[in-house]
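The structure under discussion appears below in the form of structure tokens.
Every chain is numbered from 1 and lettered A, B, ... according to where its sequence line falls, protein lines coming before strand lines.
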Number of protein chains: 2
Amino acid sequence: MKNIEEKLIEELVTGNCTPQISKLAKRLKEPATTIHYNIKRMEKEGKLLACKAVFDYKKINRGYCTYVLINLSPDEYGDPERLAKELSKFDEIESIDIITGDWELVLKIRTKDVDEYYAFLKSVLSRKGIERIKSLNTLKQVKTEFISI
Amino acid sequence: MKNIEEKLIEELVTGNCTPQISKLAKRLKEPATTIHYNIKRMEKEGKLLACKAVFDYKKINRGYCTYVLINLSPDEYGDPERLAKELSKFDEIESIDIITGDWELVLKIRTKDVDEYYAFLKSVLSRKGIERIKSLNTLKQVKTEFISI
DNA sequence: CATAAAAACCGAATATTTTTCAATTACATT
DNA sequence: AATGTAATTGAAAAATATTCGGTTTTTATG
């Protein structure tokens, strides 16, 4: 066995899918070429960013999900984007938003279990610029990425 | 003009895409039939739930993004899933999680603007069972659905 | 450890889908 | 009304997915 699955998941989580033009054509009762044209236009305009797979994360060893609210240190406060972009390269992080209110950033993080989360916390979320964090732990995921589970 | 774009976005946000088998085969340096086999297996096992498009939501009139923390009323507290499942049918809601801590639910909501959000708030988030909410408004989306913007 | 059963892998052929191309039609601007 | 641009479309070509049959690998069991 080659354990292709792991590599496949990695590729599919961030892309490597494509719209099903003929299926969409049937659903919308339009010619396939028209659907094709519209999709290509959306891509060119930067509206359509990527096509990707959504998994039942519990079944692929990413069942431990946490929202992390972050307070930045005073020197980072003026430019939260710098740190946000730095964090965005980590595969464990599903989303990063800069928000209003008591916290500056909110992350959504997926790991296998609490041990892996703790390791991530220590290695990534302890860095300079992050002053304080609050973890909201997910007990059950009902809907993700617009897909109901 | 037929304004196919709106309908297409609606379809693509929740599915109607498919893995690019030959592209994946090349990337992983494996035969296409092996990739095909592995993907079908993941689908059958319920690991792979859907393939879908990710948009630059600002460019498709869904640029107003809010995290909503929810406290349930005492009578709903014991079964948060009932309300969560009821909410999951709304297209504006990207994700629903049942969480630990001071709040019971966290939603991620995408609307065109604050007016649309307020309308959603009044019509959906005022329902019985929801005792108190706190909105965290997104100023900038750096990463979404594992895709950097 | 031997053997059988199940699961994973893969090349060749087939079926299906996407993409290109060359019109045609709709829309906007002057 | 004239003109240029954008959107739509059918037919053909190109590319891709799927099926099939057989092989190899893994797992389960005595």
Checklist line | d(CG, B:Leu8; C1', D:dA7) in whole Å | finding: 13 Å
Notebook entry, point to check: Could you give the CD-to-P distance, from A:Gln20 to D:dT16, as a whole number of Å?
Noted result: 16 Å
Next item on the list: Please round to 10 degrees the angle between the axis of the first five pairs and the axis of the last five pairs in the helix from C:dC1-D:dG30 to C:dT30-D:dA1.
Entry: 60°
Checklist line | Under 4.0 angstrom between A:His36 side-chain N/O and C:dT19 OP1 or OP2 | finding: yes
Next item on the list: Provide, to the nearest angstrom, the distance between the CD1 atom belonging to B:Ile39 and the P atom belonging to C:dA7.
Entry: 20 Å
Margin query: From C-beta outward on B:Pro31, which listed nucleotide comes closest to its side chain: D:dT8, C:dT17, C:dG11?
Written below: C:dG11
Next item on the list: Specify the closest pair of heavy atoms between A:Ile149 and A:Gln141, including all atoms of both residues, with the distance to one decimal.
Entry: CB-O, 3.9 Å
Margin query: Taking the basic N atoms (NZ, or NE/NH1/NH2) and the acidic carboxylate oxygens, is any pair closer than 4.0 Å for A:Glu11 and A:Lys7?
Written below: no
Check: Do you reckon A:Leu107 sits in the same ILVMFWY cluster as A:Leu136, going by side-chain contacts under 4.5 Å, direct or chained?
Finding: no
Checklist line | Euclidean distance, atom CG of residue B:Asn3 to atom C1' of C:dA26 [Å, nearest integer] | finding: 14 Å
Next item on the list: Can you tell me the distance, in whole Å, between the OH atom of B:Tyr37 and the P atom of D:dT24?
Entry: 17 Å
Next item on the list: For the side chain of B:Thr34, starting at C-beta, report the closest nucleotide among C:dC10, D:dT8, D:dA17.
Entry: C:dC10
Notebook entry, point to check: Nearest to the side chain of B:Thr33 - D:dT9, C:dC9, D:dT19?
Noted result: D:dT19
Check: Is any side-chain N of the basic residue among B:Lys134 and B:Asp102 closer than 4.0 Å to the acidic one's carboxylate O?
Finding: no
Margin query: Between A:Arg41 and D:dA6, is there a contact of a side-chain N or O with OP1 or OP2 at under 4.0 Å?
Written below: no
Check: So, the side chain of A:Asn38 versus the backbone of A:Thr34: is there a donor-acceptor pair under 3.5 Å, distance only?
Finding: yes
Item checked: Considering all heavy atoms, the nearest A:Lys143-B:Glu94 contact -> CG-O, 3.8 Å
Notebook entry, point to check: If you check every side-chain atom of B:Ile21, which of C:dT17, D:dA17, D:dT8 has the closest atom?
Noted result: D:dA17
Margin query: Judged by each residue's nearest nucleotide on DNA chain D, which is more toward the 5′ side, A:Thr18 or A:Glu30?
Written below: A:Glu30
Item checked: Rounded distance in Å - CD1 (A:Ile35) to P (C:dT19) -> 13 Å
Notebook entry, point to check: Among the clusters formed by ILVMFWY side chains lying less than 4.5 Å apart, do A:Ile96 and A:Ile130 turn up in the same one?
Noted result: yes
Notebook entry, point to check: To the nearest angstrom, how far is B:Asn38 atom CG from D:dT18 atom C1'?
Noted result: 15 Å
Note to self: Starting the side chain at C-beta, find the nucleotide from D:dT18, D:dT9, C:dC9 nearest to B:Lys40.
What the structure shows: D:dT18
Check: Quick one: A:Leu28 CG to D:dT9 C1', roughly how many Å, whole number?
Finding: 16 Å
